[in-house]
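Protein chains get the first letters and strands the later ones, always in sequence-line order, with residue 1 at the start of each.
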There are 2 protein chains.
Amino acid sequence: MTEKTSHATVDDVAQLAGVSTATVSRCLNSPDRVVAATREKVMAAVRALNYTPNFGARALASKRTGIIGAVVPTLENAVFAHGVDAFERSLPQGKFSLLVASSGYDAAREKHQIEALVARGADGLLLVGFERDPAIYDWLAVRKVPYVLAWSSGDQHPFAGFDNRAGIAAMMRMVLALGHRNIAMISGMTEGNDRARDRLEGARAALEAEGLAFRGVIEVAYGLEGGAAAFGDLMQDRSITAVICGNDVLAAGALRAARRMGLRVPEDVTITGFDDIDIAEITFPELTTVRVPHTRMGEEAARLLQDLIAGKAGGSVLLPTEVVTRGTHAPPVDSVRFGRV
Amino acid sequence: MTEKTSHATVDDVAQLAGVSTATVSRCLNSPDRVVAATREKVMAAVRALNYTPNFGARALASKRTGIIGAVVPTLENAVFAHGVDAFERSLPQGKFSLLVASSGYDAAREKHQIEALVARGADGLLLVGFERDPAIYDWLAVRKVPYVLAWSSGDQHPFAGFDNRAGIAAMMRMVLALGHRNIAMISGMTEGNDRARDRLEGARAALEAEGLAFRGVIEVAYGLEGGAAAFGDLMQDRSITAVICGNDVLAAGALRAARRMGLRVPEDVTITGFDDIDIAEITFPELTTVRVPHTRMGEEAARLLQDLIAGKAGGSVLLPTEVVTRGTHAPPVDSVRFGRV
DNA sequence: TTGTAGGCGTTATCAG
DNA sequence: CTGATAACGCCTACAA
């Protein structure tokens, strides 16, 4: 009861347990290298003193922090919130903690965040997508900070992701198979965003494979409003029968705009999304979209990054995507749309 | 080009700049305490050597890490994802970083997470709600770790939150004013969750103030499915004309169930939510709900916590809630419902 | 305004 | 298996 107000240190524990500080340290870090009997004594002292190792000292001496950093555009996007959540849950309790930062889809800000996380001693990093200033990759290499890229795939860096091009191409082929020929797309902003760009180009490629071209393409910032506004603009051209959206939120916005414009979905126009987040099941009709295994991706990324941190070279993980057919797609019915029944 | 592979230290910088390590340290931490001329030299050396302070050493010597911890139930709940995102964005760039952990609505796990974050050197904590083992608060006090509670309000601890009871009571009064008398509620799990409990009790209190009682109350785990299932059960009693939901996701689930059951909303039944997250504008009809300033709350929590960390005793912040009337509410029309037109 | 020097609490090497 | 002891890199009185 006459303890100091400051915290107990290894020395206190060592003294109380009647051993050296080295032994205390071993008990905490590699218990198997200590005989059970001494270990008991030490742990008892640890409990008695309510001892907790000092983080700074530990980091300084061991050159490791047990902190993993993640930089995502924003947690407001459910895709990242879910992925980060799964990633964090997959980290061994007590062994690693997750430092998160958001870039707001801003490349310069992302760079700062990455530097900040490394400065905070991050042992490894989770980043979104491949596209960024090469200097960042160089810097990470010099600093020897392992990293895993997610929500995308490529061959320059370790990743746990999926093929955005292939995913949306499958959706486009489904729409084409339905008979649609006048197709438009609402894409997320592609600048500095390889996910958005790959989706746009993947869709375009699938379209061109049929000798067709988009009747319209609009890039908008992430959000319900953007999707709604773009849909309104696109529909100036009433020959369009299908609108492919770069993500579910854009699609939900388009859907709402359609309803307000008095257009029926899918009778008058087909709308498709990408990601298959929760809202895809809440819209009416429910959204036809491309499912991405966000949770699984977060888990795989965590596993992969831990391997890299441990020095085991782990290969990348390419996850599958899948077209989920719900209620917002149907064959085009031009005759009805034009009142030429 | 003949540099060591290891990183530059203060000593290297001091030497190159021709000053002492103390001056280098000052340049980095309190630049105003150094003459511009020397500062220039030092910063030049810093850049030349690509110097970054060692995190562990800095933490050890200064007893501060610049890391703030946050423990939330899950980022899959948009409410927490948005709040955490706003909180993180409000932290001064480079000065603080955010360590996040999720408890999965599990009290024991939350306790571990809190301990883990403190062990990782968190300078302060953001926690959700008031209800938790008092021992945790004691421990935090002993460790002198400042914290801010959010998404709730009370008078025992500093918080940036709102009054769940008052928020839902206002909604209940609105529903009562519409003429509803046979009302039921779908609540989130109340055990260990003061937000859910306050909402349930706030609604009950408002109901009883009118001399009425719930026609049914079901507690379900967070999720669309839970809301849908509960709605189905509740509607066994066809006299019920309004279902108050503890949050928007539950309400969205109820709405979907209603549609599948062939019930019209709001003609046949009124459904209300709480939180006003994005999905409230995506459902059809759009959801009548209680708006909570999640973003503002995150910002205020960040401000408050920084004050506490800086030693300035900041008062709590009680944010207002507001009933948002959209499309899922209407007066009861019993005669129609019972076919007694 | 700047320099000196001691200490922060652990880990890890190296004997014993 | 355990004990000394030397780093680890920075901050911060204190002194000049």
Side-chain angles (χ1 to χ4, degrees), chain A residues 3-43 45-46 49-67 95 118-121 123 143-144, chain B residues 3-43 45-46 49-67 95 118-121 123 143-144:
Chain A
E3 287 173 16
K4 302 189 309 182
T5 59
S6 67
H7 299 174
T9 71
V10 258
D11 296 282
D12 300 326
V13 176
Q15 194 165 1
L16 180 58
V19 300
S20 71
T21 62
T23 300
V24 174
S25 179
R26 281 189 207 101
C27 283
L28 267 34
N29 301 303
S30 35
D32 23 285
R33 304 189 50 137
V34 176
V35 172
T38 24
R39 200 191 319 154
E40 299 284 301
K41 274 193 309 185
V42 173
M43 295 317 277
V46 165
L49 265 36
N50 211 278
Y51 167 74
T52 311
N54 175 286
F55 177 68
R58 187 201 279 263
L60 177 56
S62 70
K63 299 186 177 312
R64 268 175 291 102
T65 58
I67 287 178
K95 193 170 174 199
V118 173
R120 290 267 186 288
D123 289 340
R143 279 281 189 292
K144 290 191 177 50
Chain B
E3 286 173 16
K4 301 189 310 180
T5 59
S6 67
H7 300 173
T9 70
V10 256
D11 296 282
D12 300 327
V13 177
Q15 194 165 0
L16 179 58
V19 299
S20 72
T21 61
T23 300
V24 175
S25 179
R26 285 190 203 99
C27 282
L28 268 33
N29 301 303
S30 36
D32 23 284
R33 303 191 48 135
V34 176
V35 171
T38 24
R39 201 190 319 153
E40 300 284 301
K41 275 192 309 184
V42 173
M43 295 317 276
V46 165
L49 265 35
N50 210 277
Y51 167 75
T52 311
N54 175 287
F55 176 69
R58 187 203 282 263
L60 177 57
S62 71
K63 301 187 175 310
R64 269 175 291 100
T65 57
I67 288 179
K95 193 169 174 201
V118 172
R120 290 267 184 288
D123 289 340
R143 279 281 189 294
K144 292 190 175 49

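- Ranking C/dT10, C/dA12, D/dC11 by closeness to the A/Pro53 side chain, first place goes to C/dT10.
- If you measure from atom CG of B/Asn29 to atom C1' of D/dT12, you get 10 Å, rounded to the nearest angstrom.
- Note: CD (A/Gln15) to C1' (C/dG9) measures 15 Å, nearest angstrom.
- Contact between the side-chain N/O atoms of A/Lys63 and the OP1/OP2 oxygens of D/dG9 is found at a separation under 4.0 Å.
- In this structure, B/Leu49 atom CG and D/dC10 atom P are separated by 11 Å, rounded to whole Å.
- Whole-Å rounding puts the A/Arg26 CZ to D/dT5 C1' distance at 13 Å.
- Of the candidate nucleotides C/dC8, D/dA13, D/dT2, D/dT2 has the atom nearest to the side chain of A/Thr38.
- Residues B/Val34 and B/Val42 are not in side-chain contact: their nearest non-hydrogen atoms beyond the backbone lie 4.5 Å or more apart.
- The phosphate of C/dT11 has neither OP1 nor OP2 within less than 4.0 Å of any side-chain N or O from A/Ser62.
- Between the NZ atom of B/Lys41 and the P atom of C/dT2 there is a distance of 8 Å, given to the nearest Å.
- Side chains of A/Thr65 and A/Asp123: a donor on one and an acceptor on the other come within 3.5 Å.
- Distance from the side chain of A/Val35 is smallest to D/dC1 among C/dG9, D/dG3, D/dC1.
- For the OP1/OP2 pair of C/dT11 and a distance below 4.0 Å, the side-chain nitrogens and oxygens of A/Ser25 include at least one atom meeting the criterion.
- The side chain of A/Thr23 contributes an N or O atom lying less than 4.0 Å from OP1 or OP2 of D/dG3.
- Per the geometry, CZ belonging to B/Arg33 stands 14 Å off P belonging to D/dC11, to the nearest Å.
- In this structure, the CG atom of A/Asn54 is 14 Å from the C1' atom of D/dC11, given to the nearest Å.
- When the nucleotides C/dT10, C/dT4, D/dC10 are ranked by their closest atom to the side chain of B/Ser20, C/dT4 comes out on top.
- Between B/Arg58 and D/dC11 there is a side-chain polar atom (N or O) within less than 4.0 angstrom of OP1 or OP2.
- For A/Leu60, whose side chain is taken as the heavy atoms from C-beta onward, the closest listed nucleotide among D/dG9, D/dC10, D/dA4 is D/dG9.
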